[in-house]
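None of these values were measured; they are calculated from a predicted model. Every number for a ligand or one of its atoms is a count from 1 in the order of the listing.
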Amino acid sequence: MSTLKETLRKKIEEHRPRIAQLTKEHGDVKLGEVTIAQAIGGARGVKCLVTDISYLDPMEGIRFRGKTIPETFEALPKVPGSDYPYVEGFWYMLLTGDVPTMEQTLEVVEDFKKRRQVPEYVFDLLRTLPRDTHPMTMFSAAIVAMQRESVFARNYAEGNFNKMTCWEEMYEDSCNLLAKLPVIAAYIYRMKYKGDTPIGSDANLDFGGDFAQMMGQEKPYDDVARMYFILHSDHESGNVSAHTTHLVASALSDAYYSLSAGINGLAGPLHGLANQEVLSWTQHFMEKLGGEVPTKEKLKEAIWDTLNSGQVVPGYGHAVLRKTDPRYTSQREFCLKTPGLKDYPLFKLVSMIFEVAPDILQEHGKAKNPWPNVDAQSGVIQWYYGVTEYDFYTVLFGVGRAIGVLANITWDRALGYPIERPKSITTDMMEAAAGIK
Ligand code: HAX
């Protein structure tokens, strides 16, 4: 039995009585009220989901298991010769809330290596899809195609479902799935964009290092991958990809069905796809302005053109955050400390947008948050390292997001959270409640 699984078991057993006590003894305590605006407006701010994996403060940004992004990077064991931590150690931390030692981290690294092998039929499936299929469709299809591997589904079908122990099967499915995602993502990339030249996995490398190697990238892209996957992992549980994964899992669907559904939500332009949109929008600007970094005046004009034509400024605004996303700041700091990137024209333009867009969005007066989110900064780093096929960017986001949502659904099973079923009402009922009918 691995240290991670045993530690997780202990944490689950300690946590269960807390949820039981809250439900049984304090179940009537109100956490808030729901207004008509919230019912119509996508349940914004309605406190009706529970997760301990991460928490998003509107002003401070994300904390993973109580740690800010800089604290997370600082605390976790680093890959020798690298500035960023092992993704596997981060997985340990998200699941247990504990910072693993190097030894505990390396145990997960070795465990994941054993789970990496992707069934051949997944590659066959990917090869049958038309090459112009969006890579998110390929990614989601590959995940759901592996559903036949689910330990949970097999156990359930054999009549062995046990509410107290079914988290273990979710844990096994989640580890099996997560370990394979870098292989699948890199395969899609090399098949679709690099003349069908997939590169095999290297058994000596960790999650981030192996992904970089399979992408055909040199150092420091391994650190870019580790940073990127950790930053994109979790943003509490109300965002579309996390909520969808949780919702589907609440029907006792297994990790494969649930993650594939969450990935489909991530593919929306208001969510994960925004990072592809930011880059095409920024590139388009540069092209329109003759390939040069524009003056601030020209840039202001172009941003107003975007708004006046009824489009959103991609990479700006957020449903919860009300300040600059610390995930944006973290990637900006990476650019500022990386020779070459700091003076890269595209980064200069992204920095200039940061200087002018918040004031314009404030003057425009619609967006509740005029500050940049994670997606405003991520594409430029990929572009700099030669990953210029921007419709692939959301797949990178998806590999990262899987870490958070799979940790969440493992805990959902452990705490026995029931099938999700909010109540809907009719327009007539709302009008009656408002006293206008
Ligand atoms: N540019 C222009 N208008 C914007 C805007 C932006 N960046 N952000 C919000 N608005 C507008 C909205 O369209 C809305 O207009 P209407 O009243 O006409 O419908 C109004 O401002 C109020 O919206 P809001 O309450 O501030 O924002 P929401 O919670 O409804 O939506 C979004 C949050 C992130 C979807 C939104 O800010 C947006 O569309 N941003 C651009 C796309 C983007 O960057 N998405 C990625 C978000 C991060 C993420 O999830 N990554 O995965």
Side-chain angles (χ1 to χ4, degrees), residues 35 37-46 54 56 58-59 61-62 69 136 139 228-245 262-282 284-285 299-300 302-332 350 353-354 356-382 390-405:
T35 64
Q38 287 174 314
I40 294 176
R44 277 304 173 294
V46 178
S54 68
L56 179 59
M59 302 311 288
I62 194 70
I69 289 169
M136 281 299 272
F139 193 48
Y228 199 92
F229 295 150
I230 292 174
L231 286 181
H232 287 80
S233 60
D234 209 35
H235 222 218
E236 63 170 48
S237 58
N239 65 78
V240 169
S241 50
H243 187 197
T244 309
T245 310
I263 291 296
N264 296 345
L266 192 69
L270 294 186
H271 192 19
L273 203 82
N275 68 18
Q276 142 173 3
E277 303 245 318
V278 172
L279 210 80
S280 65
W281 179 79
T282 316
H284 185 66
F285 256 9
L299 183 60
K300 282 181 190 170
I303 293 175
W304 274 115
D305 283 351
T306 301
L307 291 170
N308 291 335
S309 65
Q311 293 169 45
V312 295
V313 176
Y316 281 73
H318 200 271
V320 178
L321 277 170
R322 293 296 175 257
K323 65 156 248 186
T324 299
D325 190 336
R327 299 171 300 173
Y328 175 95
T329 311
S330 188
Q331 294 182 92
R332 179 173 160 78
V350 165
I353 298 172
F354 184 33
V356 305
D359 283 348
I360 297 178
L361 283 168
Q362 245 150 355
E363 195 184 328
H364 185 240
K366 272 191 167 184
K368 293 194 189 69
N369 175 33
W371 301 104
N373 59 58
V374 64
D375 298 322
Q377 185 52 252
S378 37
V380 65
I381 300 178
Q382 298 298 333
Y390 45 70
D391 55 357
F392 185 70
Y393 294 174
T394 318
V395 176
L396 297 171
F397 194 155
V399 176
R401 182 48 50 101
I403 308 169
V405 300

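- At distances below 3.5 Å, not a single donor-acceptor pair connects side-chain atoms of Tyr393 with backbone N or O atoms of Ala274.
- Residue Gly315 approaches ligand 1 through these ligand atoms, each under 4.0 Å from one of its heavy atoms: 43 (C), 44 (O).
- Distance from atom 52 (O) of ligand 1 to its nearest protein heavy atom, with residue and atom name: His271 ND1, 3.0 Å.
- Atom 33 (C) of ligand 1 has its closest protein heavy atom at Ala319 N, 3.7 Å.
- One N or O on the side chain of Asn373 and one on the backbone of Gly317 form a donor-acceptor pair closer than 3.5 Å.
- Minimum heavy-atom separation, Ser54 to Glu236: OG-N, 2.8 Å.
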- request: Show your working on side chain to side chain contact (heavy atoms under 4.5 Å, CB included) between Asp234 and Ile62 and close with a plain yes or no.
  value: CA-CA 8 Å; Asp234 209 35; Ile62 194 70; 5.7 Å; no
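- Contacts between Leu307 and ligand 1 below 4.0 angstrom, taking non-hydrogen atoms only, involve the side chain exclusively.
- When distances from atom 22 (C) of ligand 1 to the protein are checked, a heavy atom turns up under 4.0 Å.
- Partner of Tyr228 under the side chain to side chain contact (heavy atoms under 4.5 Å, CB included) criterion, chosen from Leu396, Val374, Ile381: Leu396.
- Under a 3.5 Å cut-off, the side chain of Arg322 and the backbone N or O of His318 do form a donor-acceptor pair.
- By the 4.5 Å heavy-atom criterion applied to side chains, Val313 and Leu307 are counted as neighbours.
- Looking at Ala367 against ligand 1, both its backbone and its side chain come within 4.0 Å, counting heavy atoms.
- Counting only heavy atoms of the protein, atom 20 (C) of ligand 1 lies nearest to Lys366 O, 3.7 Å.
- Among all non-hydrogen protein atoms, the one lying nearest atom 25 (O) of ligand 1 is Lys368 NZ, 2.8 Å.
- The residue from Asp375, Asn275, Leu361 that puts a heavy atom closest to atom 49 (C) of ligand 1 is Asp375.
- For atom 27 (O) of ligand 1, no protein heavy-atom neighbour is present inside the 4.0 Å cut-off.
- In terms of protein heavy atoms, atom 47 (C) of ligand 1 is closest to Asn373 ND2, 3.5 Å.
- Below 4.0 Å from some heavy atom of Ala274 lie the following atoms of ligand 1, by number and element: 43 (C), 44 (O), 45 (N), 46 (C).
- Between the choices Leu270, Thr306, Val312, the shortest heavy-atom distance to atom 13 (O) of ligand 1 belongs to Val312.
- In this structure, Ile303 and Ala357 approach most closely via the heavy-atom pair CD1-CB, 4.0 Å.
- Rounding to the nearest 0.5 Å places CD of Gln362 at 9.5 Å from CG of Asn369.
- Residue-level proximity to ligand 1 for His235 is absent, since no heavy atom of it falls below 4.0 angstrom.
- Within the listing of ligand 1, atoms 52 (O) sit less than 4.0 angstrom from a heavy atom of Gly272.
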task: Would you check, one step at a time, whether the test side chain to side chain contact (heavy atoms under 4.5 Å, CB included) holds for Phe392 with Gln382?
output: CA-CA 10 Å; Phe392 185 70; Gln382 298 298 333; over 6 Å; no
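- Within 6.0 Å of the CH2 atom in Trp371, the count of heavy atoms belonging to other residues, nucleotides or ligands does not exceed 12.
- Counting protein heavy atoms under 4.0 angstrom from atom 17 (O) of ligand 1 gives zero.
- For atom 30 (O) of ligand 1, a protein heavy-atom neighbour is found at a distance under 4.0 Å.
- Nearest protein heavy-atom neighbour of atom 41 (C) of ligand 1: Tyr316 O, 3.4 Å.
- Here the closest heavy-atom approach between residue Ser241 and residue His271 is recorded as OG-NE2, 2.9 Å.
- Within a 4.0 Å radius of atom 43 (C) of ligand 1, the protein contributes at least one heavy atom.
- At the top of the distance list for atom 6 (C) of ligand 1, counting protein heavy atoms only, stands Val313 N, 3.6 Å.
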